[in-house]
Amino acid sequence: MAPRSPEDLAPERLPPQPWLSHPATKAVMAALASAAGPEDSRFVGGCVRNALLGLPVTDIDIATRLTPEAVKAALGGAKIAAVPTGEAHGTITAISHGRALEITTLRRDVETDGRHAVVAFTSDWQVDAERRDFRLNALYADAEGRLFDPTGQGLADLKAGAIVFVGDPEQRIAEDALRILRFFRFQAWYGRGPPHPASLAACGRLKELMLGLSVERVAKELLGLMAADDPRPSLRAMAAAGVLSLALPESGDPARFEQLVAIKTDLAIEADPLLRLAALIGPDPAKAQAASTRLKLSNAQSARLVEATRVDPAIASWMSPKAVRQGLWRHGAAAFRDKLMLAWAGGDGAAMQWRALLPIAESWPRPVFPLTGAEVMAAGVPEGPRVGRVLAEVEAWWIDSDFTSDKLSIIERLKAVVQGLGREA
């Protein structure tokens with residue numbers, strides 16, 4: 001589905017949506033309507049926002065006047081599985097036709113501490129909208145796709161690309177400090193033009209509240225921001241507000257990050273959040289390890305981040321095809337490509353020189369070293385550590401020969417190495 005132009009947004013209803021007419025969606029909305037009325041349950045948040053923008057919809061959230069107990073009863077009556085994924089906060093997940101739809105009772109915050117909230121249920125759509133984060137996320141649509149904009153400014157914000165907190169920005173942030181990072185992520189994904197001044201200023205003033213957030217939530221937001229098509233303007237604003245240094249104290253000179261994003265745009269390739277994070281940290285494996293540990297990244301993410309930030313001086317724009325193949329053998333294709341992209345972003349050389357290296361890095365079929373330990377022992381080397389030494393010496397020659405496939409030449413080299421060992425003995 002192609003993104004829509006903001007001028008094409010229809011203010012009365014959603015454009016046709018596959019998820020809106022899907023049997024799972026229809027079954028859940030029909031079950032909720034049978035317990036109350038069709039006007040008592042509405043789609044809300046990201047599914048409405050993305051549908052209006054013509055962007056993919058992955059999660060379907062439904063707001064309802066029904067209490068969680070009534071939701072479970074309604075789903076049960078329709079033979080739809082109900083999972084209490086967050087019942088204390090009013091959330092029940094319906095599983096219908098293999099799809100999960102999250103249903104949350106309208107609510108208001110009774111008590112918040114910046115991380116957790118005590119809520120009370122309500123039947124007032126306006127009250128529910130006023131506790132949400134941004135006005136463009138406080139848009140609702142009924143089962144027929146008719147739109148509702150309780151703040152009166154959500155649709156206007158969506159058209160303008162304005163990320164604006166609902167009501168008082170400081171109050172919204174005090175309710176959940178993660179909204180500071182969400183502000184910059186949403187600015188990167190949906191914003192156009194400079195950030196909303198009052199919202200940006202509130203993020204800067206209250207940035208210290210982020211210190212109480214779980215690192216897992218921080219990591220998710222950071223990587224989400226990095227996944228935007230062009231996060232550079234948002235990251236600049238984040239740095240200027242003093243938020244970046246708190247969220248990612250390991251961040252270094254942003255020039256490499258900026259150039260990496262520019263390269264991505266030039267090559268028309270998908271955003272790579274972890275590689276962008278590596279670029280932002282800079283060529284410092286110790287900092288990369290510190291960031292990985294602090295943010296509790298997975299073992300695979302951590303290993304990749306640390307390896308990417310470990311500089312290989314041999315990777316340069318003037319590398320020969322043979323040197324590229326040697327680098328691919330030494331590092332593996334994925335790690336070498338990471339290093340190549342980061343070297344390009346931080347190094348010298350014309351773009352056309354770097355670009356010429358990519359096809360080799362992406363298409364070279366990694367060969368198998370065509371010599372075995374059994375063949376070494378057949379050449380007269382007794383079983384033991386000398387076998388490994390011989391293999392290593394022949395492999396070094398094989399790599400330098402640009403991975404020759406001539407088995408006769410390899411055997412001749414093996415004989416020469418074995419003879420050399422005999423003379424040493």
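- W354 places no side-chain N or O within donor-acceptor distance of the main-chain N or O of A343, the cut-off being under 3.5 Å.
- A distance of 7.0 Å separates CG in D284 from OG1 in T309, rounded to the nearest 0.5 Å.
- Below 30°, between 30° and 60°, or above 60°: for H331 and F336 the angle between ring planes is below 30°, a parallel geometry.
- The backbone N or O of L342 sits nowhere less than 3.5 Å from a side-chain atom of Q259 that would complete a donor-acceptor pair.
- Geometric assessment of R42 against the ring of F148 yields a positive cation-pi assignment under the 6.0 Å and 45° thresholds.
- The side-chain heavy atoms of L328 and V324, taken from C-beta on, include a pair separated by under 4.5 Å.
- Using a 4.0 Å cut-off between charged side-chain N and carboxylate O, R217 and E221 make no salt bridge.
- Taking the charged nitrogens against the carboxylate oxygens, D229 and K264 do have a contact shorter than 4.0 Å, which makes a salt bridge.
- No donor-acceptor pair under 3.5 Å is formed between the side chain of D338 and the backbone N or O of A308.
- Annotation for L414 and V394: closest pair CA-CG2, 4.0 Å, computed over non-hydrogen atoms.
- The aromatic rings of W19 and F43 sit perpendicular to each other, their planes meeting at more than 60°, with 30° as the lower class boundary.
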Evaluation steps, side chain to side chain contact (heavy atoms under 4.5 Å, CB included), between L391 and E395: CA-CA 6 Å; L391 281 171; E395 182 184 33; over 6 Å; no

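- For the atom pair L20 CG and E144 CD, the distance stands at 8.0 Å (nearest 0.5 Å).
- Side-chain contact check for L222 versus M238: some heavy-atom pair is nearer than 4.5 Å.
- Taking the side chain as every heavy atom from C-beta outward, R236 and P233 approach each other to under 4.5 Å.
- With N50 contributing its side chain and P56 its backbone, the two residues share a donor-acceptor pair below 3.5 Å.
- The structure places CG of L280 at 11.5 Å from CG of L275, a figure rounded to the nearest 0.5 Å.
- Using a distance-only test at 3.5 Å, with no hydrogens or angles considered, a donor-acceptor pair links the side chain of R107 to the main chain of H89.
- Using a 4.5 Å heavy-atom cutoff, the side chains of W364 and P321 are not in contact.
- Using a 4.5 Å heavy-atom threshold, the side chains of D149 and R135 count as separate.
- With rounding to the nearest 0.5 angstrom, the CD atom of E250 is 6.5 Å from the CG atom of L295.
- By the 4.0 Å N-to-carboxylate-O rule, R355 lies close enough to D266 to be salt-bridged with it.
- Below 30°, between 30° and 60°, or above 60°: for H22 and H97 the angle between ring planes is above 60°, a perpendicular geometry.
- No side-chain heavy atom of S292 sits less than 4.5 Å from a side-chain heavy atom of Q301.
- No donor-acceptor pair closer than 3.5 Å links the side chain of K26 to the backbone N or O of A143.
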F183 and L200: CA distance, side-chain angles, deciding distance, side chain to side chain contact (heavy atoms under 4.5 Å, CB included) verdict: CA-CA 8 Å; F183 172 78; L200 177 62; 4.2 Å; yes

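- Evaluation of the side-chain hydrogen bond (donor to acceptor under 3.5 Å, both in side chains) rule for S234 yields no partner, not counting sequence neighbours.
- Nearest heavy atoms, R276 versus A228: NH1-O, 2.7 Å.
- Other residues, nucleotides and ligands contribute at most 12 non-hydrogen atoms within 6.0 Å of the NZ atom of K296.
- A salt bridge links D128 with R132: at least one charged nitrogen is closer than 4.0 Å to a carboxylate oxygen.
- Taken to the nearest 0.5 Å, the CZ atom of F186 stands 7.0 Å off from the CG atom of L136.
- Between R172 and V166 the shortest heavy-atom distance is NH1-O, 2.8 Å.
- Side-chain atoms of Y140 do not come within 3.5 Å of backbone N or O of P150 as any donor-acceptor pair.
- With T25 contributing its side chain and S21 its backbone, the two residues share no donor-acceptor pair below 3.5 Å.
- The two residues A24 and L101 come nearest to each other via the heavy atoms CB-CD1, 4.4 Å.
- Under the 4.5 Å side-chain criterion, counting only non-hydrogen atoms from C-beta, T151 is not in contact with F134.
- No donor-acceptor distance shorter than 3.5 angstrom exists from the side chain of T293 to the backbone of A290, with no hydrogens or angles considered.
- Between L358 and L267 the shortest side-chain heavy-atom distance falls below 4.5 Å.
- Between the D61 side chain and the G45 main chain, no donor and acceptor come within less than 3.5 Å of each other.
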L235 and F184: CA distance, side-chain angles, deciding distance, side chain to side chain contact (heavy atoms under 4.5 Å, CB included) verdict: CA-CA 7 Å; L235 198 84; F184 292 103; over 6 Å; no

Test salt bridge (Lys or Arg N to Asp or Glu O under 4.0 Å) applied to R330 and D312, step by step: CA-CA 11 Å; R330 185 166 63 252; D312 184 339; 2.9 Å; yes

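- Considering CG of L206 and CZ of R179, their distance stands at 12.5 Å, rounded to 0.5 Å.
- The existence of a salt bridge linking K339 and E307 is confirmed by a sub-4.0 Å separation between a basic side-chain nitrogen and an acidic carboxylate oxygen.
- Listed here is the closest heavy atom pair of A160 and R192: C-NH2, 3.1 Å.
- Electrostatic pairing of R304 and D272 counts as a salt bridge here, judged by a charged N lying under 4.0 Å from a carboxylate O.
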Test side chain to side chain contact (heavy atoms under 4.5 Å, CB included) applied to L260 and M341, step by step: CA-CA 7 Å; L260 184 67; M341 295 300 293; 4.1 Å; yes

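- Residues A351 and W344 come closest through the heavy atom pair O-CZ2, 3.8 Å.
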